[in-house]
Amino acid sequence: MDTVFHGEIHLRRYLSDQGKPEQVLPDWTHSPERLVRYYRNMVLVRQLDYKIIALQRTGQIGTYASLLGSEAIDTVVGDLMAADDVLVPYYRNHALQMLRGLPIEDVLCYWGGDERGSAAAALGDDFPNAVPIATQSLHAAGVASAFKVRGEKRVAVTLCGDGATSKGDFLEALNVAGAWQLPVVFVVNNNQWAISVPRSIQCGAQTLAQKAFGAGIRGEQVDGNDVIALHEAVSEALKHAREGKGATLIEAVSYRLSDHTTADDATRYRASEELKAAWEREPVKRLQTFLHEQGWWDERQEQAWIEEVGQMIQTSVDAYLARPQQPIEHLIDYLYAELPNALEEQRERLIRNAQPGGSRHE
Amino acid sequence: MDTVFHGEIHLRRYLSDQGKPEQVLPDWTHSPERLVRYYRNMVLVRQLDYKIIALQRTGQIGTYASLLGSEAIDTVVGDLMAADDVLVPYYRNHALQMLRGLPIEDVLCYWGGDERGSAAAALGDDFPNAVPIATQSLHAAGVASAFKVRGEKRVAVTLCGDGATSKGDFLEALNVAGAWQLPVVFVVNNNQWAISVPRSIQCGAQTLAQKAFGAGIRGEQVDGNDVIALHEAVSEALKHAREGKGATLIEAVSYRLSDHTTADDATRYRASEELKAAWEREPVKRLQTFLHEQGWWDERQEQAWIEEVGQMIQTSVDAYLARPQQPIEHLIDYLYAELPNALEEQRERLIRNAQPGGSRHE
Amino acid sequence: MSNAITMVEAVNLALHSEMRRDQSVMVLGEDVGVNGGVFRATVGLRDEFGMKRVMDTPLAETMIAGLSVGMATQGLKPVAEIQFMGFIFPTMEHLIGHAARMRHRTRGRLSCPLVVRVPYGGGIHAPEHHSESTEALFAHIPGLRVVIPSSPARAYGLLLAAIRNPDPVLFMEPKRVYRLNAQPVEDSGETLPLDTCYTLREGSDITLVSWGAMIKETLEAADRLAQQGVSCEVIDVVTLNPIDHNTILASVDKTGRCVIVHEAPKSGAVGAEIAATIAEKGLLSLQAPVARVTGYDTVMPYYRMEHHYMPSTADILEAVNTTLEFS
Amino acid sequence: MSNAITMVEAVNLALHSEMRRDQSVMVLGEDVGVNGGVFRATVGLRDEFGMKRVMDTPLAETMIAGLSVGMATQGLKPVAEIQFMGFIFPTMEHLIGHAARMRHRTRGRLSCPLVVRVPYGGGIHAPEHHSESTEALFAHIPGLRVVIPSSPARAYGLLLAAIRNPDPVLFMEPKRVYRLNAQPVEDSGETLPLDTCYTLREGSDITLVSWGAMIKETLEAADRLAQQGVSCEVIDVVTLNPIDHNTILASVDKTGRCVIVHEAPKSGAVGAEIAATIAEKGLLSLQAPVARVTGYDTVMPYYRMEHHYMPSTADILEAVNTTLEFS
Ligand SMILES: Cc1ncc(C[n+]2csc(CCOP(=O)(O)OP(=O)(O)O)c2C)c(N)n1
Ligand SMILES: Cc1ncc(C[n+]2csc(CCOP(=O)(O)OP(=O)(O)O)c2C)c(N)n1
Ligand SMILES: [Mg+2]
Ligand SMILES: [Mg+2]
């Protein structure tokens with residue numbers, strides 16, 4: 001029988017779980033600058049996560065999706081994207097949004113149940129968080145189509161979880177990206193769980209990266225706890241897309257070190273040994289060890305940075321908590337560019353009810 | 001970099017376009033019985049198709065999707081499925097339904113715009129035609145799940161076109177078939193066109209069969225004009241499924257020799273040379289040549305069979321045309337198992353309007 | 001003697017009960033197995049009935065619906081869970097195009113006795129897309145029953161009825177009241193009737209019509225009005241398709257006044273169908289316009305402002321007073 | 001002087017016109033390119049504007065909607081075609097969950113000016129799923145405009161308006177009248193207003209409210225009634241969300257009687273919202289119940305029986321007479 005297609009998926013990884021090089025490292029890792037920046041950003045991201053969880057526990061923020069375990073992915077993608085590329089995130093990418101310029105205050109605002117968290121001009125053309133799973137994959141394909149139609153050398157970058165790879169939207173997006181050779185990069189944060197559903201139940205294939213084959217795009221697997229491997233994979237994919245050569249699917253193998261959200265209790269379905277083992281591979285510590293051994297980072301710098309980050313975050317928290325409530329009419333005024341006549345009466349009722357004496361006045 | 005997945009797609013083909021063996025043929029082809037049956041069925045199927053088109057042209061049947069060019073696929077699948085397997089067809093599989101026992105009269109009834117065409121007891125548990133593209137793929141996975149849950153050794157077989165492979169439903173179905181190791185066979189009739197959209201625009205991958213990789217199921221390509229290759233691929237897939245080893249995706253490469261439907265005019269978008277070239281590869285002639293050369297079929301048998309088939313079809317056409325209209329209340333009585341009170345008034349109005357003097361009486 | 005249980009526990013009880021009684025009942029959905037559902041509605045099922053009958057699916061709502069159609073035609077009774085109403089849209093092609101018409105299309109040869117359970121509605125401080133009430137999109141579909149309970153006991157009896165029903169049922173669970181007002185529910189295995197309104201309270205001055213979580217505020221309003229000497233008839237519609245209009249019309253014939261209460265945006269919601277039917281068949285009974293107390297025709301706000309969106313008891317009282325004062 | 005053209009030609013003319021005027025307008029869908037659309041609505045566009053602006057897509061409706069959302073947020077104006085209304089369901093998650101709320105969700109930072117064109121309705125002897133009228137499912141969605149023309153000239157002017165509109169529009173084309181009643185349409189580049197009813201005929205005895213293909217039978221009924229001396233006001237609703245209730249209420253205030261005509265199944269359709277609003281705000285004007293002449297609450301039959309399903313002129317006349325005789 002003729003062989004009419006042949007494909008392979010490779011796993012890219014440079015640093016061992018213990019932060020030791022497993023193969024020759026790329027040139028850019030020979031100077032500290034970028035790696036230290038990655039590290040500092042990962043620490044910032046993690047501290048922010050801890051803080052938001054604390055705010056949630058004290059009722060100052062709503063249900064929250066922790067990013068613990070995906071710091072490396074968000075950090076590297078955030079760093080490598082060009083300013084005028086467009087990010088099409090999912091709900092676990094607020095760190096990435098922040099690294100692309102969204103003020104922390106707005107991150108808090110969003111998770112605090114306030115639409116203004118997606119309004120900041122700093123977001124540029126970036127999409128707000130997508131909550132319905134995998135819908136963002138298609139939006140990214142649409143964004144990339146716009147770039148392609150206009151001949152712009154911009155790239156759309158979109159992320160999703162391992163669970164999302166089962167949904168038609170994701171697969172349809174890969175397909176059109178291949179058919180139209182779109183400048184888009186799909187990054188799957190394969191953190192092994194979709195709420196309580198393990199990766200093994202999601203899909204019978206050995207890797208998620210091989211979903212690229214069905215669409216005729218590039219696919220590869222990368223250790224999502226290894227910033228060096230991520231850096232290589234993401235920069236190649238961006239370059240490939242920017243040169244008009246089409247899309248890439250990157251499966252970044254990570255682990256969700258947190259509960260699914262603050263509304264979840266993972267102990268109900270996840271063995272504690274598995275979680276413990278995952279902490280041995282986690283990205284921040286891994287890079288820290290490497291930097292220590294290079295002599296590029298020490299305990300003193302760590303303390304200073306944690307303090308600096310802590311203050312930065314606290315300033316944002318204060319600003320968030322002090323932010324006045326949005327005007328009540330915002331609930332209706334942004335629905336259409338112009339208020340249709342048909343909505344005027346409801347708008348009046350909305351405002352009246354919120355006033356002292358109204359049915360909804362607190 | 002570690003190779004973490006490796007996959008190949010093979011093309012299976014035994015007979016050349018001219019009906020010459022290209023490799024050693026399987027044992028079962030050494031006696032005429034099955035191959036002659038395949039041939040006779042393909043002729044029947046094609047004659048039926050011609051007849052329905054004629055009925056459509058004279059207004060005795062509605063918009064019709066010709067099966068010209070997919071005779072081999074329907075014939076082989078229809079032959080190999082066990083009686084208690086379940087067929088989940090698409091709209092181009094009425095020949096297959098017929099080969100599984102559906103009276104031709106019912107086939108005509110369906111295309112004549114009458115729901116009773118999907119009612120015949122002969123259909124057993126088989127699904128009626130699916131018109132919304134690719135939805136049937138998921139139904140087949142559901143049917144296979146039922147078999148698996150009950151521990152039955154039955155297989156669900158579902159077909160779709162090349163266009164359908166772009167729709168999320170199809171891809172979600174492959175995925176769950178892989179995740180749950182379902183006894184289902186997906187046959188893609190890749191006839192190169194989805195109405196006016198060519199295969200190349202549908203998907204950037206070299207083959208459609210490789211969509212199997214992303215789901216972790218078997219995938220292979222087969223010459224859809226070669227009954228021997230089809231027989232091998234389909235029987236292996238059925239066996240695999242029946243033994244509890246899971247699903248297979250078979251991409252049968254064929255060509256739509258007709259317009260998309262009688263409402264379509266393919267000359268608007270399709271080069272006549274391409275069509276001409278495709279007629280050189282068509283399945284009926286190919287097998288005929290082979291049978292002739294084996295001395296298993298001759299011109300006299302051909303004539304006799306065409307005549308027999310013609311009479312058979314005509315009898316069915318007569319019965320179809322003589323069939324009385326369905327009772328008007330059928331429009332409402334089958335919606336629910338029992339008529340809800342809320343519908344009684346509408347039911348009365350429906351019947352009243354259809355009576356002499358009513359607004360809808362012809 | 002039965003213990004007081006909440007609505008979500010009643011759902012769970014009904015599932016246990018029916019799965020024990022009928023081997024063909026299957027539960028499937030995201031996180032329904034090991035985790036017992038994000039609202040704990042399916043907790044314990046996996047342990048008792050095993051993974052063959054309680055299936056954690058890949059994450060794909062179209063697939064969940066499509067699988068259910070396939071299973072239902074083959075004699076199983078799938079009870080699928082969609083995690084939140086905001087994620088139900090990918091199921092629509094299968095529910096509308098197949099589940100609701102399989103019996104009709106095959107003139108009775110195949111049928112599609114499936115249940116899709118879905119928590120809906122606002123008021124639990126959830127993220128975007130977790131608070132919608134889009135029952136109107138389903139109640140318009142011929143062949144698709146839409147059922148919403150408003151108490152633990154009704155959740156139990158109606159869910160049993162939905163599962164035993166030979167046709168597809170969308171069973172919407174008002175999650176805002178999932179854990180409010182526990183009441184004793186006996187595991188009797190007895191169903192409650194579908195396709196009929198439930199008159200929760202009889203009265204003579206005005207008819208209040210509602211369903212789901214808003215029954216809470218509607219009953220509160222009726223209580224307050226009772227104190228003021230106003231006698232409200234309170235009707236829980238329960239089955240939103242097909243609607244038992246007769247009960248509502250008979251009530252309005254008696255009271256002459258009607259206020260409809262729902263959480264969904266006003267325009268084109270199920271309340272419109274009820275008001276329209278009154279305008280068509282009960283016009284002469286009416287002593288005042290039919291009022292609708294509803295959500296706004298805008299997107300459900302993120303949680304910080306959602307209380308501005310949800311109809312309140314005060315809103316119902318205001319509408320009732322306006323209606324009573326009308327002359 | 002402009003030639004008489006049909007509605008489908010008017011759609012085609014508007015697309016040509018707007019694509020010439022505005023480089024950011026893109027057309028995408030199944031078979032819209034080389035083939036010019038299964039109804040020929042996009043014929044010629046590919047030749048004039050090239051494959052970058054007129055895109056034959058892979059076969060996936062969710063994808064078409066999702067791509068359009070992505071494009072629209074980046075300054076393009078996608079005009080997507082869904083081949084038949086029966087295949088629109090997979091788009092709903094994107095239209096409801098994203099297109100209709102992008103502006104709102106980002107407090108104006110991003111917007112989603114897309115148009116989804118879709119032929120709908122029965123009467124062309126098409127196969128299953130090719131004859132549905134499910135406008136109610138979309139008209140209930142806050143933020144999503146639903147527009148239906150009923151003549152070539154209105155198709156032209158309204159489609160231009162829909163494309164220029166800064167928000168998403170579902171533009172439903174009544175394919176039964178695609179090729180009926182050609183009329184002169186000037187390629188003026190001028191839009192017609194959205195969000196407003198069109199009063200097609202003034203009258204004093206009764207208000208007939210309809211939209212889309214049923215305008216044909218409604219006008220026929222009005223003609224016949226005129227011969228009998230009954231003066232009908234005929235209102236084409238045109239924008240089904242948000243609805244211009246004021247025009248209808250003013251008319252009913254004048255005539256005191258109203259018959260609503262639509263093809264969709266009766267329960268929970270857009271007609272209900274109109275009748276409900278009359279019951280709420282126009283009750284005192286009413287001299288008779290508000291009647292609805294509609295499709296049945298059952299599945300659209302296959303083509304052999306579809307004429308039994310579709311409302312006829314005779315049905316409208318019957319309803320009008322009943323309404324007029326009411327006292
Ligand atoms: C369409 C849809 N279905 C269901 C949900 C509920 N839900 C939220 S997150 C989640 C699991 C997602 O898992 P994965 O894609 O792996 O991403 P992760 O959260 O692990 O990063 C589910 C089922 C949703 N948001 N959208
Ligand atoms: C969901 C959906 N979208 C669009 C259509 C309209 N349509 C009918 S057949 C067809 C092309 C199908 O092509 P393919 O899957 O290759 O099957 P073929 O007809 O070539 O056998 C389209 C777009 C449909 N029936 N269903
Ligand atoms: Mg995950
Ligand atoms: Mg095809």
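No experiment lies behind these values; they were computed from the predicted model shown. The chains referred to below are lettered A, B, ... by the order of the sequence lines, with proteins before strands, and numbering in each begins at 1.
The two residues Gly66(D) and His139(A) have their closest heavy-atom pair at O-CD2, 3.5 Å. Minimum heavy-atom separation, Pro242(D) to Tyr336(A): CD-OH, 4.1 Å. Residues Met55(D) and Val149(A) approach most closely at CE-CG2, 3.6 Å, considering heavy atoms. Of all the heavy atoms in Met71(D) and Gly142(A), the pair that sits closest is CG-O, 3.4 Å. Between Ser145(A) and Leu67(D), the closest heavy-atom pair is OG-CD2, 3.8 Å. Summarising the geometry of Phe127(A) relative to Arg109(D), their closest heavy-atom pair is C-NH2, 4.1 Å, with the distance given to 0.1 Å.
Few gaps surround CD on Glu329(A); more than 12 heavy atoms of other groups in view lie less than 6.0 Å from it. Heavy-atom neighbours of Glu243(A) CD from other residues, nucleotides or ligands within 6.0 Å: above the threshold of 12. Residue Glu190(D) qualifies as open at atom CD: its count of foreign heavy atoms under 6.0 Å is 12 or below.
Two residues are said to be in side-chain contact when any heavy atoms from C-beta on lie closer than 4.5 Å; Arg150(A) and Leu76(D) meet this criterion. Proximity of Asn175(A) to Met63(D): side-chain heavy atoms (C-beta onward) are nowhere separated by under 4.5 Å. The shortest side-chain heavy-atom distance between Thr73(D) and Val143(A) falls under the 4.5 Å cut-off. The side-chain heavy atoms of Pro128(A) and Met102(D), taken from C-beta on, include a pair separated by under 4.5 Å. The side-chain heavy atoms of Thr62(D) and Leu138(A), taken from C-beta on, include a pair separated by under 4.5 Å.
If you measure heavy-atom distances from Gln346(A) to chain D, you find no contacts under 4.5 Å at all. Within the 4.5 angstrom heavy-atom criterion, atoms from both the backbone and the side chain of Thr57(D) approach chain A. With a 4.5 angstrom heavy-atom cutoff, Ala120(A) touches chain D only via backbone atoms. Asp167(D) touches chain A through its side chain: at least one heavy atom from C-beta onward sits under 4.5 Å away, while N, CA, C and O do not. The contact between Ala100(D) and chain A is made entirely by backbone atoms, counting heavy-atom distances below 4.5 Å. Heavy atoms closer than 4.5 Å to chain A are found nowhere in Leu59(D), neither backbone nor side chain. The parts of Ala141(A) that come within reach of chain D are both its backbone and its side chain, each placing non-hydrogen atoms under 4.5 angstrom from that chain.
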Check: What do the steps show when you test Thr135(A) against His94(D) for side chain to side chain donor-acceptor pair (under 3.5 Å), and what is the final call?
Finding: CA-CA 7 Å; Thr135(A) 51; His94(D) 286 272; 5.4 Å; no
Checklist line | Trace of the side chain to side chain donor-acceptor pair (under 3.5 Å) decision for Gln326(A) with Arg107(D) | finding: CA-CA 11 Å; Gln326(A) 62 181 319; Arg107(D) 291 295 183 257; 2.9 Å; yes
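Of the residues considered (Val88(A), Leu331(A), Leu335(A)), Leu335(A) shows the highest number of contacts with chain D, using heavy-atom pairs under 4.5 Å. Counting heavy-atom pairs closer than 4.5 Å to chain A, the top-ranked of the candidates Ser111(D), Pro58(D), Pro166(D) is Pro58(D). For the options Leu123(A), Leu343(A), Asp333(A), heavy-atom pairs under 4.5 Å to chain D are most numerous at Leu123(A). Most heavy-atom pairs under 4.5 Å with chain A: of the set Arg105(D), His245(D), Arg103(D), this distinction falls to Arg103(D). Of the listed residues (Val131(A), Val86(A), Asn341(A), Val176(A)), the one with the most heavy-atom contacts under 4.5 Å to chain D is Val176(A).
Between Arg101(D) and Glu115(A) there is no salt bridge, since none of the side-chain N atoms of the basic residue sits less than 4.0 Å from a carboxylate O of the acidic one. A salt bridge links Glu93(D) with Lys167(A): at least one charged nitrogen is closer than 4.0 Å to a carboxylate oxygen.
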